[in-house]
Every structure is written in structure tokens, then in C-alpha cells.
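Here the structure comes first, spelled out in C-alpha cells, and everything after it is commentary.
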2 protein chains.
Amino acid sequence: MSRLYVIGIGPGSLDLLTPEAREALGAVTHVYGYGPYLSRIQPLGAFTCHASDNGDEVARARQALAAAENKGGVALISGGDAGVFGMASALFEAMETGPAAWRAVDVKIVPGVTAVLAAASRLGAPLGNDFVIMSLSDNLKPWAVIEKRLIAAAQGDFVIALYNARSRARPDQLANAFDCLRTILPPETEVAFAHHVTRPDERLELSTLADCEAQQADMATLVLIGARSTRRVARPDGKAWLYTPRSVSEA
Amino acid sequence: MSRLYVIGIGPGSLDLLTPEAREALGAVTHVYGYGPYLSRIQPLGAFTCHASDNGDEVARARQALAAAENKGGVALISGGDAGVFGMASALFEAMETGPAAWRAVDVKIVPGVTAVLAAASRLGAPLGNDFVIMSLSDNLKPWAVIEKRLIAAAQGDFVIALYNARSRARPDQLANAFDCLRTILPPETEVAFAHHVTRPDERLELSTLADCEAQQADMATLVLIGARSTRRVARPDGKAWLYTPRSVSEA
């Protein structure tokens with residue numbers, strides 16, 4: 001049977017890997033993915049790992065489709081959820097542009113906990129109202145599109161979660177994004193940086209749009225920009241919870 | 001110890017309940033939640049269930065905070081992820097407006113798979129690019145805010161996922177939302193209805209903005225509106241995958 005699983009392995013800790021994902025990993029013989037993600041799940045099955053660099057996701061999807069067509073029992077893995085800036089979209093791009101036989105592959109996508117949900121759980125309830133999830137990488141879309149979307153999100157008073165906020169190859173985009181948002185949102189807008197969530201070096205920082213700096217983020221940082229109503233609840237230990245109320249009073 | 005867990009139990013099937021959530025449910029003695037959600041997780045622990053109606057979430061959060069302050073070992077549960085239109089925001093609202101001692105309660109939020117991730121996994125990869133998650137309920141925000149956000153989302157060319165799209169008490173809002181979006185988005189825009197995802201009566205329907213009707217949704221339907229680039233990949237069985245490519249070519 002030419003089954004291909006596309007599995008979201010969650011944000012880091014295996015405590016957030018779903019039973020469905022674990023069962024799928026136990027049922028396959030070949031797993032394709034980015035090396036560090038494969039290392040995480042290697043103890044969970046008896047499969048052969050096919051590691052590739054973080055990079056050409058469509059090429060990786062083609063390898064997995066070809067393998068699934070030939071022998072079945074194949075999985076393609078993503079960090080977080082495979083549908084959110086993960087391998088699922090790359091898979092259908094490979095399917096759409098590949099041999100007709102690939103469209104008959106029995107694809108089963110297993111959802112996972114995407115990074116923003118884990119980050120939000122540590123911060124409090126910043127996603128308590130309507131929100132936007134967007135990638136700040138301009139590898140696959142022009143900066144003009146990113147800027148248009150940031151402006152639309154700010155005008156709609158959405159909470160904004162930024163994936164791929166900053167990397168060595170793209171050091172300046174987050175600063176540009178903050179500058180873009182500063183033209184619309186008030187300086188006291190809450191901003192949060194959630195680093196390496198669910199991993200041993202997890203770290204949270206709260207700031208505001210006036211004070212935040214792009215240097216506070218690296219490749220494994222989820223950046224959240226609050227809506228106008230997003231605020232803090234002070235705790236006796238000097239820290240604070242960040243939350244967005246469910247009610248909105250005016251347009 | 002006055003610990004209070006806020007647990008996302010996933011979209012339906014316990015195959016998507018995380019190990020962390022299962023462990024937390026094994027550690028508590030009292031669980032507060034909406035009755036049908038409690039029924040789902042009752043077999044997983046030896047706790048006393050405190051069921052309440054779907055309704056006053058802040059009152060339920062107050063009960064849980066008071067119980068946690070007095071005896072600890074308490075959990076508050078949500079379907080999906082507690083941070084996405086779930087109990088987490090209601091909890092901080094109760095904490096903000098309640099006795100000072102509640103701010104010292106040791107709150108631990110356990111993330112979960114929210115409905116849109118499960119729905120997207122069944123449809124293909126509709127969230128393959130930037131997207132908006134919003135609730136269509138005007139119980140807590142005026143319709144003018146909802147309309148402003150729909151327009152901003154459409155102008156930003158985001159994929160749009162609608163929670164609380166339709167209920168018996170709010171039969172007309174989804175039709176109004178479709179009409180609002182039709183003023184901006186082309187008629188061929190993809191629309192998907194994902195009913196009761198991961199439950200035995202799961203059902204998917206693909207449509208377009210020109211053809212879709214609000215009556216296709218009920219209380220347990222996740223409605224997805226595609227971006228301009230969202231499209232179908234036909235399968236040999238006559239069905240189709242829905243996906244949004246990772247690349248965007250123009251602003």
C-alpha cells in the first residue's frame with residue numbers, strides 16, 4: 001500500500017507528540033525530514049532515517065512521494081504542525097508538478113501542536129481573541145507582500161504571531177516589521193519573545209512595541225505582537241501573564 | 001500546592017490528546033469544564049467532574065480558581081487548545097478581576113491541537129501560507145469589529161479560518177460574512193466546510209465563494225476561506241486536496 005504519512009511532531013518536547021503521531025511513526029519503515037527533527041523521534045521506531053538540510057522542502061517531498069509509491073510505509077516529518085509552514089504544502093506542490101501516479105498515493109496528514117500554541121501557553125493567553133499567523137521569511141514571497149499583510153493585520157487589530165522572524169541570512173526583516181507596525185499600532189502595544197519553547201533553554205521576554213528590538217529574536221524565537229486590548233496581569237513573583245480579553249468593545 | 005492546570009484536550013479523538021495533557025489529568029482531583037468535554041476525558045483519571053453549560057466561561061474559571069486556591073490539584077479543560085477561543089483567556093479575566101490571592105495560583109497551561117489544525121490536515125494543506133483565525137461570534141464583540149477584521153483579512157490575502165461560524169442562536173452571521181467577503185475576494189475563491197473533524201461523523205465539503213451557503217455549516221463546522229492562491233489538486237478517486245502554495249509571486 002502506497003501510504004505516506006505527513007507528521008507534525010510538535011514544538012520540541014515529546015510530551016507534546018500526539019498518540020496518533022507516535023502510532024504512525026511505529027508503522028513506517030522510512031522517515032524523511034530535517035536532521036534535528038529526525039534525531040528527536042528516532043527512539044520511537046525502527047525506521048530508516050533520511051535526513052536532509054533545512055532547505056529544499058519540495059525536493060524532500062519528491063523523495064518521500066517516490067519512496068511511498070514504490071514501497072509505502074513512508075513518513076515525512078515537520079516540527080510543530082505539518083500544515084503550518086511545514087511539509088504539507090511542499091508535499092502537494094511536489095504532487096501537483098510530479099508524475100500522475102503520485103496523486104494516487106494514500107496521504108495521511110497527522111496534525112500537531114504548532115509553535116505558537118506552545119508559546120502562548122507559556123505566556124498566558126495572548127491568542128485569546130482573533131489572530132494572524134504569518135511567516136516573516138521572504139524566501140518565498142516578496143517583502144512587499146509581507147508588509148501589506150502586516151499592515152492589514154494591524155489595521156484589523158489582530159494579535160500577530162510571527163514565524164521565521166529572524167535568521168542569520170535574514171537579520172534585518174524583523175526590525176523592518178517592527179518599524180512597519182509602529183506606523184499603525186500604539187507604542188504601548190505588548191510584544192513577546194518566546195525562545196526555544198518546551199526545550200531546556202526555554203526563555204520568555206515581554207516588551208512593548210516602543211522598546212522591543214529585533215536582536216531579541218533568533219531562529220528559534222516566536223514573536224507575538226498584541227492587539228490593542230492585549231495586557232498584563234501582574235503576579236506576586238514579579239512576573240506577569242500576558243492575555244488578550246475575549247471581549248472587544250468598539251470597532 | 002495551589003496548582004491549576006488549563007488543558008486543551010484536542011479536537012475530538014483522544015488520539016490527539018497530548019501525553020502532557022494525559023499526565024496532568026492523571027494528577028488532579030477536580031476537573032471543571034463543559035459537560036461533553038468532561039465525558040470525553042472522564043475515563044482518563046480518578047477526578048471529580050464539575051460540569052457546566054456552554055456559556056459563562058468566566059464564572060467557571062472563578063470556580064476553578066477558588067478550588068485551586070483551597071485545595072490545588074484542579075484542572076479546567078477546553079476542547080482543542082485552551083488558548084484559542086478556549087478557557088485560558090477567561091481564566092486571566094477571572095484572575096484580573098478576582099481576589100489578589102488568585103494571582104498567586106500556580107497556573108500551568110497545557111497546549112493542544114486546535115480545531116483548525118485537524119480540519120486542515122483532512123483537507124490537505126490549506127494553511128500553507130499566512131492565515132487568520134477568528135471567531136464569528138458576536139456574543140463578545142460587536143459585528144462591526146468582525147466585519148472590519150474580515151475586510152482586513154481579505155485585503156491582506158490571508159487564508160481565513162472561522163471558529164464559531166454558526167449556531168442556532170446566530171443563524172445569519174455566516175451568510176453576512178460570506179457577503180462581506182464577496183465584496184473583496186473573487187468568486188472562484190476556495191471555501192471548505194469541515195464538519196465534526198476526528199469524530200465518527202466527520203465530513204468535508206469543498207465549495208467556492210460564489211457557490212457556498214451558510215446552511216452548509218452548523219455548530220461543529222470549521223469554515224475555511226482560501227487566499228487567492230489556494231487551489232485544488234485532483235485525485236484519481238474524484239476527490240481533491242486543497243492547498244495553499246508556500247510561494248506568493250506578487251503584492
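Values in this document were obtained by computation on a predicted structure and should not be read as measured data. Just so it is clear, the values below take in all heavy atoms, side chains as well, and ignore hydrogens, waters and symmetry mates. Within every chain, numbering begins at 1; the chains are lettered A, B, ... in the order of the sequence lines, protein sequences first and strands thereafter.
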Rounded to the nearest 0.5 Å, what separates atom CZ in A/R22 from atom OG1 in B/T18?
11.5 Å

Need one label for A/V105: side chain, backbone, both or neither, based on atoms under 4.5 Å from any heavy atom in chain B.
neither

Measure distances from B/A120 to the heavy atoms of chain A and classify the residue's part below 4.5 Å as side chain, backbone, both or neither.
neither

Taking all heavy atoms of A/S249 and all of B/P142, pick out the closest pair and write down the distance.
O-CG, 3.9 Å

Reported CD1-to-CD1 distance for the pair B/I133 and A/I133, which is rounded to 0.5 angstrom:
5.0 Å

Could you check whether B/R149 makes a cation-pi contact with A/F158, meaning its NZ or CZ is under 6.0 Å from the centre of the six-membered ring and within 45° of the ring axis?
yes

Counting only heavy atoms closer than 4.5 Å, note whether B/A90 contacts chain A via side chain, backbone, both or neither.
both

Quick check: do A/E96 and B/R231 have side-chain heavy atoms less than 4.5 Å from each other?
yes

Winner by heavy-atom pair count (cut-off under 4.5 Å) against chain B, out of A/S89, A/G86, A/P126, A/A152
A/S89

Which answer fits B/L17, side chain, backbone, both or neither, if we ask what part of it has an atom under 4.5 Å from a heavy atom of chain A?
backbone

Does a salt bridge link B/K148 with A/D157, judged by any charged N lying under 4.0 Å from a carboxylate O?
no

Side chain proximity check, A/R246 to B/N139, heavy atoms < 4.5 angstrom:
no

Measuring heavy-atom distances to chain A, does B/I146 have an atom under 4.5 Å in its side chain, in its backbone, in both, or in neither?
neither

Going from CG on A/L117 to CG on B/D81, what distance comes out if it is rounded to the nearest 0.5 angstrom?
4.5 Å

Top residue by heavy-atom pair count (under 4.5 Å) with chain A, among B/A161, B/A104, B/G10, B/A153?
B/A104

As an exercise, state the distance from CG of A/N129 to CG of B/L140, rounded to the nearest 0.5 Å.
8.5 Å

Looking at A/A88, A/S121, A/A125, which makes the most heavy-atom pairs under 4.5 Å with chain B?
A/S121

Looking at chain A, which one of B/G128, B/P19, B/G8 has the largest number of heavy-atom pairs inside 4.5 Å, strictly under?
B/P19

Sidechain-backbone polar pair: A/D130 side chain, B/S135 backbone, donor-acceptor under 3.5 Å:
yes

To the nearest 0.5 angstrom, please state how far the CD1 atom of B/I109 sits from the CZ atom of A/R122.
9.5 Å

Counting only heavy atoms closer than 4.5 Å, note whether B/V6 contacts chain A via side chain, backbone, both or neither.
neither

Tell me, do B/W241 and A/M95 make a side-chain contact under 4.5 Å, heavy atoms counted?
yes

For B/R103 and A/A234, which heavy atoms make the closest approach, and how far apart are they?
CD-O, 3.3 Å

B/T244 versus chain A, the contacting section by heavy-atom distance below 4.5 Å
backbone

Checked B/I151, B/D237, B/L127 vs chain A; the most non-hydrogen pairs under 4.5 Å come from B/L127

Let's test your reading of the structure: which of A/S13, A/P11, A/G112, A/G156 forms the most heavy-atom pairs below 4.5 Å with chain B?
A/G156

How long is the span from the OG1 atom in B/T198 to the CD atom in A/E20, to the nearest 0.5 Å?
8.5 Å

So, A/Y243 and B/E93: side-chain donor and acceptor under 3.5 Å apart, yes or no?
no

Can you tell me which of B/A118, B/A82, B/G124 forms the most heavy-atom pairs within a distance under 4.5 Å of chain A?
B/G124

So which part of B/T114 gets closer than 4.5 Å to some heavy atom of chain A, the side chain, the backbone, both or neither?
both

